[in-house]
Amino acid sequence: MIMRMKGHNAIFPCRMCTIKGVRIPSSRVTTHYVPLCRDGFPDSQEQYDPSALPLRNHASFMEQAKEVQYTSSNTDSESLATKYGIKGLPLLSTLSSLSFPMSFPYDFMHLIWTNLIPNLILFWTGKFKDIPHHDEGYVLAPTVWEAIGEATANAGKTIPAAFGSRVPNIASEKAQMIAETHSIWTLYIAPTLLKGRFVRPRYYKHFMELVRLLTLCLEFEITQDQVNGLERGFQSWVQKYERYVLLVASRIPSDRLTVYITNTIHCA
């Protein structure tokens, strides 16, 4: 709201770059999706390199914001807002010390712990939206997920309180999971409980690559070389996600998850 960005409903939904959203071919669904690879979208000619995304800058941001703000009609304003992903001039743009969008990095807690990780879990349990998950190598059998939930709850008996809140049964008490417990589960519990659980090992390896990146993000000190490594690491992780999950068997992507997945590239 502070930046006056339109978000997922815009053709350019990312606040950091101008990756263009695409619609599902031969569908009445008007939602825009933002995968890097557009092979499944015949009407889209763009192919995005995660290391060279077209970043927004302050000058173009403000120019587009003014165009939306001062257009002659509400209809034209809404049309431009959908086109640019910007709803008008932010009040804070009057402060010369701020640069849009660079002064507003992503909220790591909401991006990762309350969106990315919970949605990945929905994928692993075959419950993410109305898309086919049957026989996919990333889906955990119900009995396996129940066992992981029980082991998660029991792990609290031996994890020191210094690590944070006790993690509940992630399978049967997911409503009690918060950002903190998702973080503890992802970084300290899941690497052990998920090992050997996926039908195809590459999904566990892919998850562990994410754990390594997230662990480094939470360090108190970090070198420039490590920042560069994070940038390359998130780029690689997103590309593998698209190969492993998003575009398998021409599956319909999810607007929420493609946005969150792509946004992780900007974490570094």
Residues two or more places apart in sequence or in another chain: which of them pass salt bridge (Lys or Arg N to Asp or Glu O under 4.0 Å) with Lys20?
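For Lys20, no residue satisfies salt bridge (Lys or Arg N to Asp or Glu O under 4.0 Å) once neighbours in sequence are set aside.
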Where do Lys6 and Glu78 land on the salt bridge (Lys or Arg N to Asp or Glu O under 4.0 Å) test, with the steps shown first?
CA-CA 10 Å; Lys6 198 168 181 66; Glu78 181 60 31; 2.7 Å; yes
Test of understanding: clusters of I, L, V, M, F, W, Y form through side-chain heavy atoms closer than 4.5 Å, transitively. Do [X] and [Y] belong to the same one?
{"X": "Val238", "Y": "Phe12", "answer": "no"}
{"X": "Leu98", "Y": "Met16", "answer": "no"}
{"X": "Val34", "Y": "Ile11", "answer": "no"}
{"X": "Leu89", "Y": "Leu91", "answer": "no"}
{"X": "Met109", "Y": "Phe234", "answer": "yes"}

Does the ring center of Phe198 lie less than 6.0 Å from the ring center of Tyr204?
no
What about the rings of Tyr138 and Phe123, do their centers lie closer together than 6.0 Å?
yes
What closest approach, in Å, do [X] and [Y] show between heavy atoms, and which atom pair accounts for it?
{"X": "Glu146", "Y": "Ala171", "result": "CA-CB, 4.2 Å"}
{"X": "Ser97", "Y": "Ser103", "result": "O-OG, 4.4 Å"}
{"X": "Leu214", "Y": "Leu187", "result": "CB-CD2, 4.1 Å"}
{"X": "Ala10", "Y": "Gly85", "result": "CB-CA, 3.4 Å"}
{"X": "Glu242", "Y": "Cys37", "result": "OE1-N, 3.0 Å"}

Inspect the surroundings of [atom1] in [X] and state if more than 12 heavy atoms from other residues, nucleotides or ligands are less than 6.0 Å away.
{"X": "Leu218", "atom1": "CG", "value": "yes"}
{"X": "Tyr188", "atom1": "OH", "value": "no"}
{"X": "Asn154", "atom1": "CG", "value": "yes"}
{"X": "Met102", "atom1": "CE", "value": "no"}
{"X": "Glu63", "atom1": "CD", "value": "no"}

Connecting only ILVMFWY residues whose side-chain heavy atoms lie within less than 4.5 Å of each other, what is the rest of Ile178's hydrophobic cluster?
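Ile178 shares its hydrophobic cluster with no other residue.
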Interatomic distance, Asn57 atom CG to Cys17 atom SG [nearest 0.5 angstrom]:
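If we round to the nearest 0.5 Å, Asn57:CG and Cys17:SG are 12.5 Å apart.
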To the nearest 0.5 Å, what is the distance between OG on Ser79 and OH on Tyr84?
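It comes to 9.5 Å.
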Look at the side chain of [X] and the backbone N and O of [Y], then say whether any donor-acceptor pair between them is shorter than 3.5 Å.
{"X": "Asn115", "Y": "His110", "answer": "yes"}
{"X": "Arg15", "Y": "Phe104", "answer": "yes"}
{"X": "Glu67", "Y": "Leu80", "answer": "no"}

Run the side-chain contact (heavy atoms from CB on, under 4.5 Å) check on Leu210 and Ile117 step by step: do they pass?
CA-CA 10 Å; Leu210 178 63; Ile117 296 302; 4.0 Å; yes
Is NZ or CZ of Arg197 both nearer than 6.0 Å to the six-membered ring centre of Tyr203 and within 45° of the ring axis?
no
Test Ile19 against Leu36 for side-chain contact (heavy atoms from CB on, under 4.5 Å), laying out the working first.
CA-CA 8 Å; Ile19 183 172; Leu36 297 171; 4.1 Å; yes
Without hydrogens or angle criteria, can the side chains of Trp237 and Thr264 be said to hold a donor-acceptor pair below 3.5 Å?
no
Walk me through it: do Lys174 and Ile121 pass the test side-chain contact (heavy atoms from CB on, under 4.5 Å)?
CA-CA 10 Å; Lys174 63 180 182 179; Ile121 291 172; over 6 Å; no
